[in-house]
2 protein chains.
Amino acid sequence: MEEKSISDIIEEYLKQILGESSQIEIRRSEIANHFDVVPSQINYVIKTRFTIQHGYLVQSKRGGGGYIRIERVNLLDNVDVLNSLIQVIGDSIRERDAYDIVRTLYDEKVVTRREGDLMLVALSKQTLNVNDCNVEAQLRARILISMLNRLRYES
Amino acid sequence: MEEKSISDIIEEYLKQILGESSQIEIRRSEIANHFDVVPSQINYVIKTRFTIQHGYLVQSKRGGGGYIRIERVNLLDNVDVLNSLIQVIGDSIRERDAYDIVRTLYDEKVVTRREGDLMLVALSKQTLNVNDCNVEAQLRARILISMLNRLRYES
DNA sequence: TAAAATTTGGTCAAGATTAGTCAAGAATAA
DNA sequence: TTATTCTTGACTAATCTTGACCAAATTTTA
């Protein structure tokens with residue numbers, strides 16, 4: 001609430017720009033310079049906060065005229081996006097990544113908070129409570145994909 | 001009953017702040033420092049006095065910019081129904097019985113159609129897909145109970 | 001045109017910064 | 001006394017920050 005990390009601040013900055021147009025192109029060194037951090041911090045922010053689980057697609061190009069492009073996408077509307085999301089989940093997913101996906105659905109108003117919470121408790125480590133972490137992650141993937149498919153058919 | 005423990009004092013302090021806004025974010029080390037106790041004492045206070053049974057949700061994040069967030073939620077009055085259902089479930093439940101319970105919740109308007117559907121796919125034999133039927137029934141019980149516990153409060 | 005130089009972004013691992021767990025011992029209540 | 005609750009700290013885990021080194025694309029030079 002008070003002391004945000006610089007990564008949080010950069011995240012907010014990028015999302016604020018993304019609020020105006022659904023797609024932005026940035027120059028890594030410029031952003032890094034603007035917030036007085038090393039360039040690789042921008043990669044960290046993107047890798048942890050702008051994944052497909054969060055509802056973002058990222059492309060980039062190196063060399064002169066290079067850029068990082070961030071695009072906001074809807075998880076369930078676009079078949080390709082949903083397919084890539086399911087591909088990312090694969091047959092196994094960590095609690096944290098599942099949480100990010102449900103949070104995105106909530107942010108996109110695809111599900112209500114109550115619906116999202118019901119999904120979350122079914123995906124939580126505490127509820128699944130399986131000894132083998134791999135088995136747990138596989139089970140979580142099956143539950144999440146089933147729920148996503150259920151939501152897809154409805155919309 | 002005479003001498004308040006330091007845990008009681010910390011509890012009061014946090015609840016006083018929660019009286020002003022329904023959600024607070026604290027830094028564990030700051031609170032610990034303020035009351036001159038070890039940081040893990042804050043975990044103890046939270047674990048014993050800010051549970052969902054008491055009407056609080058807690059989330060946290062480690063690392064730089066880390067925090068502990070405490071949110072006060074409104075407990076609902078149909079708790080008795082949920083309690084008795086949880087007792088019926090026990091530590092194991094068949095798919096058919098789980099379906100009946102969800103159906104009851106839907107008929108009683110405790111959950112919407114969509115919420116009920118999301119619950120059902122997470123409880124189905126096909127989704128869980130566990131070899132051992134007993135393990136499957138136990139897992140189903142944990143998921144259903146977690147979901148019922150989520151229905152105890154309003155969002 | 002081909003090689004070299006320059007200009008971008010990418011990866012990874014070490015160190016720093018926070019919170020979580022657990023169990024032993026102390027204090028309090030029954 | 002005995003049981004429960006509280007306090008403490010050593011150890012663990014997650015997240016963030018930084019920088020050295022790598023890779024790709026473009027531009028300049030031979």
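Lettering of chains follows the sequences in order, A, B, ..., and the numbering in each one begins at 1. Quick caveat, the model's predicted, so the values are computed rather than measured. Scope of the values below: all heavy atoms of this structure, side chains included, with no hydrogens, waters or symmetry mates.
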> Examine D:dT15: is either OP1 or OP2 under 4.0 Å from a nitrogen or oxygen in the side chain of A:Thr48? Give yes or no.
no

> Taking only the side-chain heavy atoms of B:Arg49 (C-beta and beyond), determine which of C:dT21, D:dT15, D:dC6 contains the nearest atom.
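When the side chain of B:Arg49 is considered, D:dC6 is the closest of C:dT21, D:dT15, D:dC6.
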
> What integer distance in Å separates B:Ile10:CD1 from D:dT8:P?
9 Å

> Ion pair present between B:Lys61 and A:Asp8, side-chain N to carboxylate O less than 4.0 angstrom?
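A salt bridge is present here (some side-chain N lies under 4.0 Å from a carboxylate O).
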
> Whole Å only: how far is the CD1 atom of B:Ile9 from the C1' atom of D:dT5?
15 Å

> Does B:Arg28 get its side chain close enough to the base of C:dG20, under 3.5 Å, for a donor-acceptor pair?
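Side chain to base: pair found, below 3.5 Å.
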
> State plainly whether the residues B:Asp100 and B:Arg96 are in salt-bridge range, i.e. N to O under 4.0 Å.
no

> Rounding to an integer number of Å, can you tell me how far A:Lys4 NZ sits from D:dT17 P?
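Result: 14 Å.
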
> Quick one: B:Asn43 CG to C:dT18 C1', roughly how many Å, whole number?
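Taking atom C1' of C:dT18 as the reference, CG of B:Asn43 is at 12 Å.
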
> Could you say whether A:Lys61 or A:Ser5 is positioned toward the 5' end of DNA chain D, judged by the nucleotide with the nearest heavy atom to each?
A:Ser5

> Is there side-chain contact between A:Arg113 and A:Tyr106, with heavy atoms separated by less than 4.5 Å?
yes

> What is the separation between atom NZ on B:Lys47 and atom C1' on D:dT8, rounded to the nearest whole Å?
14 Å

> Taking N and O atoms by type only, does the side chain of A:Arg62 place a donor or acceptor under 3.5 Å from a partner on the base of C:dG10?
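Side chain to base: no pair present.
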
> Is A:Gln41 close enough to D:dC16 that one of its side-chain N or O atoms is under 4.0 Å from OP1 or OP2 there?
no

> In whole angstrom, give the distance that lies between atom CD1 of B:Ile6 and atom C1' of C:dA26.
16 Å

> What contact category does B:Ile68 fall into here, base, sugar-phosphate, or nothing, at under 4.0 angstrom with non-hydrogen atoms?
sugar-phosphate

> Charged N to carboxylate O below 4.0 Å: is that the case for A:Asp97 and A:Arg94?
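Yes, A:Asp97 and A:Arg94 are salt-bridged.
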
> For A:Tyr44 and D:dC16, what is the distance between atoms OH and P respectively, to the nearest whole Å?
3 Å

> Below the 4.0 Å mark, does C:dT17 have OP1 or OP2 next to a side-chain nitrogen or oxygen of B:Ser29?
no

> Roughly, in whole Å, what's the span from CZ in B:Arg27 to C1' in C:dG20?
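So the two atoms are 16 Å apart, to the nearest Å.
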
> Base of C:dG10, side chain of A:Ser40 - is there a donor-acceptor contact under 3.5 Å?
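It does not, because no donor-acceptor pair links the side chain of A:Ser40 to the base of C:dG10 below 3.5 Å.
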
> Going through the distances and angles, do B:Lys125 and B:Arg140 end up as a side-chain contact (heavy atoms from CB on, under 4.5 Å)?
CA-CA 9 Å; B:Lys125 192 177 191 68; B:Arg140 181 179 295 112; 4.1 Å; yes

> How would you label the contact of B:Gly63 with the nucleic acid (heavy atoms, under 4.0 Å): base, sugar-phosphate, or nothing?
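Base: the residue B:Gly63, judged by heavy atoms under 4.0 Å, touches a nucleobase.
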
